[in-house]
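Before any comments, here is the structure.
Sequence lines set the chain letters: A, B, ... in the order given, protein chains first and strands last, and positions in each chain run from 1.
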Amino acid sequence: EAEVAQSPRYKITEKSQAVAFWCDPISGHATLYWYRQILGQGPELLVQFQDESVVDDSQLPKDRFSAERLKGVDSTLKIQPAELGDSAMYLCASSFNRVAYEQYFGPGTRLTVT
Amino acid sequence: AQSVAQPEDQVNVAEGNPLTVKCTYSVSGNPYLFWYVQYPNRGLQFLLKYITGDNLVKGSYGFEAEFNKSQTSFHLKKPSALVSDSALYFCAVSDSGGYQKVTFGTGTKLQVIP
């Protein structure tokens, strides 16, 4: 069964350092999502791609976060500089398309900023 | 703005008893509704969705959900709970028009007691 891949699974970084997360969606899925999930809360959408285009990044802190999906396949989410409040689980998901299709989630990257 | 409410942080049910996890929503147009489950140390998994048609939707692992437009609810149900159903359950909604951005609820922890 096809899965969404994410790496790394765990990342510990110091405040003010740069950090990057990678996601490889299920083959053929046009829509890719990055979420942030704080323990005990629901996923919060950071950015949504349709193919290589950003369709929603309204909740992305653009002064420090950036995301790209250059060839419309895999994607990278970057934080620079990291802050203590960025400690969370970062989830990547993909769906066949963005209209009425369910999302398939990767295992996530747990980020700890010290 | 669209929103999802899961009024119970935790639901406890005895094994073999029926279970209900509640969800209410608010969207400006017709809703697309989803339920996801998150087992410990694992990513979110899709359970079921309502797009259109029959108000009773059947999904994975014996779960079902009933769409009630007048009450703006989409409660998750199962006739007989298993200990293995213990997990965190998330309701999600998107508007059928516009961006179809998905908004997740805060989650309900289901504890099935042997």
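- Counting non-hydrogen atoms of neighbouring residues, nucleotides and ligands closer than 6.0 angstrom, the CD atom of A:Glu3 reaches no more than 12 such neighbours.
- Heavy-atom contacts from other residues, nucleotides or ligands closer than 6.0 Å to CD of A:Glu68 number more than 12.
- Residues A:Glu102 and B:Tyr32 form no side-chain contact, since every pair of their non-hydrogen atoms from C-beta on lies 4.5 Å or further apart.
- Heavy atoms from other residues, nucleotides or ligands lying under 6.0 Å from CZ of B:Phe104 number more than 12.
- If you measure heavy-atom distances from B:Gln38 to chain A, the contacts under 4.5 Å come from the side chain alone.
- In this structure, no portion of A:Thr31 lies under 4.5 Å from any heavy atom of chain B.
- Scanning residues 43-66 of chain B against chain A with a 4.5 Å heavy-atom cutoff picks out B:Gly43, B:Leu44, B:Phe46, B:Lys49, B:Ile51, ordered by number.
- Grouping the Ile, Leu, Val, Met, Phe, Trp and Tyr side chains by contacts below 4.5 angstrom, directly or via other members, places B:Val102 apart from A:Phe96.
- For the atom pair B:Phe34 CZ and A:Gln103 CD, the distance stands at 7.5 Å (nearest 0.5 Å).
- Across all non-hydrogen atoms, the minimal contact from B:Phe90 to A:Gly42 is CE2-CA, 3.4 Å.
- No more than 12 heavy-atom neighbours from other residues, nucleotides or ligands sit within 6.0 angstrom of CG on A:Leu39.
- Residue A:Arg64 qualifies as enclosed at atom CZ: its count of foreign heavy atoms under 6.0 Å is above 12.
- Between chain B and the residues A:Arg110, A:Gln37, A:Gln50, the largest count of heavy-atom pairs under 4.5 Å involves A:Gln37.
- Side-chain contact check for B:Thr106 versus A:Gln41: every heavy-atom pair is 4.5 Å or farther apart.
- The environment of A:Glu14 atom CD is sparse: at most 12 non-hydrogen atoms of other residues, nucleotides or ligands sit within 6.0 angstrom.
- For A:Tyr35, the part lying near chain B is the side chain, with the backbone staying farther off; criterion is any non-hydrogen pair under 4.5 Å.
- A:Ile79 and A:Trp22 fall into different hydrophobic clusters, where Ile, Leu, Val, Met, Phe, Trp and Tyr are joined by side-chain heavy atoms under 4.5 Å apart, directly or via other members.
- The local environment of NZ in A:Lys62 is crowded, with over 12 non-hydrogen atoms from other residues, nucleotides or ligands closer than 6.0 Å.
- Linking Ile, Leu, Val, Met, Phe, Trp and Tyr residues whenever their side-chain heavy atoms come within less than 4.5 Å leaves A:Tyr104 and A:Val73 in two separate clusters.
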